[in-house]
Amino acid sequence: MPTLSSLRRRSAAISVAAVAGATAIGVCLAVGSASAGTLSGSLYRDPSSAVVRWVAANPGDSRTAVIRDKIASQPQARWFANFNPSTVQSEVSGFIGAANAAQQIPVLAVYEITNRDCGGASAGGAPDLNQYQTWVSNFARGLGNQTVIIILETDSLALLTCLSSAEISARNQAISTATQTIKSGNSNAKVYLDAGHSTWNSAGETANRLRAAGVQYADGFFSNVSNYNSTSNEANFGRAVISALNGMGISGKRQVIDTSRNGGASGDWCGDDNTDRRIGQYPTTNTGDSNIDAYLWVKPPGEADGCRYTAGSFQPDLAYSLANGVPNPPTTAPPTTVPPTTVPPTTTPPTTAPPTTTPPTTAPPTTAPPTTPPPTGNGCSASVAVNQWSGGFTASVTVTAGAAAINGWTVTITLPGGAAVTSVWNAQAAGTSGTVRYTNVSYNGQVGARQSTNFGFQGTGTGPSATATCAAS
């Protein structure tokens, strides 16, 4: 669960133009008059969330009614933050099955990136990026085929101060690959990448980071999970980010905003110690704004930031402080789409810990399944996906082994005239222009039969075609 342990350095003022606009005062709880984004339908309320369990266990507590009516009644994100590659598929499948049975849209927050939170109060994540891709691949297999919302790696792009330039490039590639893996697992998944918030990085810098991390493969970006900025400021910031992305040739991206704790005063930086904040707009896909797909409660209200209490722990006094004195949620929320006529699955919502399904007896693949057929014989093949913008590009290359495992690989790619490579991740390059040879590094040379690994590079000029040759060693 993300914390605000770094907000002292995150709260520096940015360009006024990026967040221009009136700041909402007080609690904003009105539902928009019309759904205007790409999402429509009711969001899923997790019946086994920490706040729901607390309410059930404490019926006589004086705070229970307020917490029940204004927080536990609302849809919130389910966080997937434990490195559990052998069980994550069944855990996701159970959660998705319950949401599908309710004919509602689940929100899943993936929080597993290597070197998470730069070693802060929410440190952790996958041991390395190869194992991260294994986890993501298994996660994607449990997503089903109906609409789901994926909040991919909070703070992963806004907080980079602990990473070297090579580590930043590797993280960008990992997030880009994760986005494509999730989309391959469920084409109806809506994936949003990290944009920090309106008082962290500028809109232009945020757009640059989103582009480097593959936002072209995603549906858009999310903001305000790690802060309490007003919805109006976040919306203005989002419009500035979208404008910057449009200027880079990346169009059609939309924003989701975390409104779980932004209905009161800004006050002290740490949520554990502040009693002036309130829950903001109740979760909905009915935003009335063509740039905003949803207002979500990504950070569950009442879960600590790691200042006074353990990060991620549910604290009823925090929940009560956020909910006390604010209006009740709307009593009815009619669906904005016609319910499906097919009989929903009969999966029962989980009421206890994730299922103890026996893990597979064979090791899962180390990367996402390849998007092109693997070679029929031994050796390897390579496919190239290019993201082009005015004056530059990034290229993502998938190396796939044939019928037998390989212990090393070399990929040869010819660049158009005038193009030049400026950075490379997950490979070593011989040359920067013309015909360039890329060889594996120590951790991704061994690729199992029919399995894949990835590398990438960034350059100036026009990116290469999809043609590449691969030789196994």
Side-chain angles (χ1 to χ4, degrees), residues 1-3 5-6 10 79-89 91-92 108-141 150-182 185 191-196 209-210 212-215 217-218 222 225-226 306 311-312 363-368 394 396-399 423-428 440-447 451-458:
M1 190 68 64
T3 70
S5 58
S6 303
R10 301 180 194 179
W79 284 75
F80 291 82
N82 296 321
F83 184 68
N84 53 345
S86 65
T87 60
V88 64
Q89 179 179 347
E91 183 180 342
V92 171
L108 296 80
V110 173
Y111 195 50
E112 201 58 62
I113 195 71
T114 303
N115 206 2
R116 186 174 71 196
D117 200 33
C118 274
S122 292
D128 58 57
L129 293 178
N130 273 347
Q131 294 184 72
Y132 174 72
Q133 296 300 346
T134 298
W135 187 93
V136 170
S137 294
N138 294 346
F139 171 89
R141 292 188 184 99
I150 308 295
I151 303 299
L152 189 60
E153 303 298 354
T154 295
D155 291 352
S156 62
L157 301 181
L159 179 61
L160 298 174
T161 53
C162 63
L163 303 181
S164 67
S165 58
E167 289 169 331
I168 291 172
S169 294
R171 173 174 288 190
N172 287 338
Q173 181 60 34
I175 291 174
S176 177
T177 300
T179 301
Q180 295 174 77
T181 300
I182 291 168
V191 182
Y192 301 88
L193 305 188
D194 174 45
R209 296 186 185 193
L210 287 167
V215 74
Y217 304 117
F222 62 89
V225 177
S226 291
T366 56
T367 60
T394 57
S396 175
V397 184
T398 300
V399 179
S423 63
V424 181
W425 51 92
N426 295 340
Q428 295 176 322
N440 62 275
V441 289
S442 60
Y443 55 81
N444 64 357
Q446 293 185 335
V447 183
Q451 304 305 317
S452 302
T453 190
N454 299 85
F455 73 91
F457 56 95
Q458 183 167 332

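Computation of the quantities below employed the complete heavy-atom set of this structure, encompassing side-chain atoms and omitting hydrogens, waters and symmetry-equivalent molecules.
- Between the CG atom of Leu152 and the CD1 atom of Ile113 there is a distance of 7.5 Å, given to the nearest 0.5 Å.
- The CG atom of Leu163 sits 5.0 Å away from atom SG of Cys118, with the distance rounded to the nearest 0.5 Å.
- In this structure, the side chains of Trp135 and Val110 come closer than 4.5 Å at one or more pairs of heavy atoms.
- Expressed to the nearest 0.5 Å, how far CZ of Phe222 lies from CD1 of Ile151 amounts to 6.0 Å.
- Contact detail for Gly125 and Phe83: the closest heavy-atom pair is O-CB, 4.5 Å.
- Counted by atom type alone, Asp194 and Thr154 present zero donor-acceptor pairs between their side chains at under 3.5 Å.
- Listed by chain and number, the residues in a side-chain contact (heavy atoms from CB on, under 4.5 Å) with Ser169 are Trp425 (sequence neighbours excluded).
- Between Pro127 and Thr114, the shortest heavy-atom contact is O-CG2, 3.8 Å.
- In terms of modelled atom types and a separation under 3.5 Å, the side chain of Asp117 and the main chain of Gly119 share no donor-acceptor contact.
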- [ ] Could you walk me through whether Val136 and Thr177 pass the side chain to side chain contact (heavy atoms under 4.5 Å, CB included) test, one step at a time?
- [x] CA-CA 9 Å; Val136 170; Thr177 300; over 6 Å; no
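- Counting heavy atoms from C-beta outward, Val399 and Phe455 have side chains that approach closer than 4.5 Å.
- No side-chain heavy atom of Phe457 sits less than 4.5 Å from a side-chain heavy atom of Gln173.
- Residue Ala218 comes nearest to Leu193 through the heavy atom pair CB-CG, 4.0 Å, listed as atom of the first residue, atom of the second, then distance.
- Counting only N and O atoms by type, the side chains of Gln133 and Ser137 include no donor and acceptor under 3.5 Å apart.
- Under a 3.5 Å cut-off, the side chain of Arg141 and the backbone N or O of Gln89 do not form any donor-acceptor pair.
- The closest side-chain heavy-atom distance from Gln446 to Thr453 is not below 4.5 Å.
- Taken from OG1 in Thr179 to CD in Glu153, the straight-line distance is 9.5 Å, to the nearest 0.5 Å.
- Residues Val447 and Ser452 form no side-chain contact, since every pair of their non-hydrogen atoms from C-beta on lies 4.5 Å or further apart.
- In this structure the side chain of Tyr217 never reaches within 4.5 angstrom of the side chain of Val191, judged on heavy atoms.
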Open item on the list: As a quick check of understanding, evaluate side chain to side chain contact (heavy atoms under 4.5 Å, CB included) for Arg171 and Ile168, giving each step before the final call.
Closed with: CA-CA 5 Å; Arg171 173 174 288 190; Ile168 291 172; 5.7 Å; no
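- A donor-acceptor pair under 3.5 Å is formed between the side chain of Arg116 and the backbone N or O of Ser122.
- With hydrogens and angles disregarded, a donor-acceptor distance shorter than 3.5 Å links the side chain of Glu167 to the backbone of Ser164.
- One finds the OG atom of Ser86 at 8.5 Å from the CG atom of Asn138 (value rounded to the nearest 0.5 Å).
- Between Gln428 and Asn440, the shortest heavy-atom distance links the atoms OE1-O, 4.0 Å.
- From Thr134, atom OG1 reaches atom CD of Gln451 across 9.5 Å, with rounding to the nearest 0.5 Å.
- When the ring-ring contact (aromatic ring centres under 6.0 Å, His included) test is applied to Phe80, the partners found at least two apart in sequence or on another chain are Phe139.
- Using a distance-only test at 3.5 Å, with no hydrogens or angles considered, no donor-acceptor pair links the side chain of Asn82 to the main chain of Asn84.
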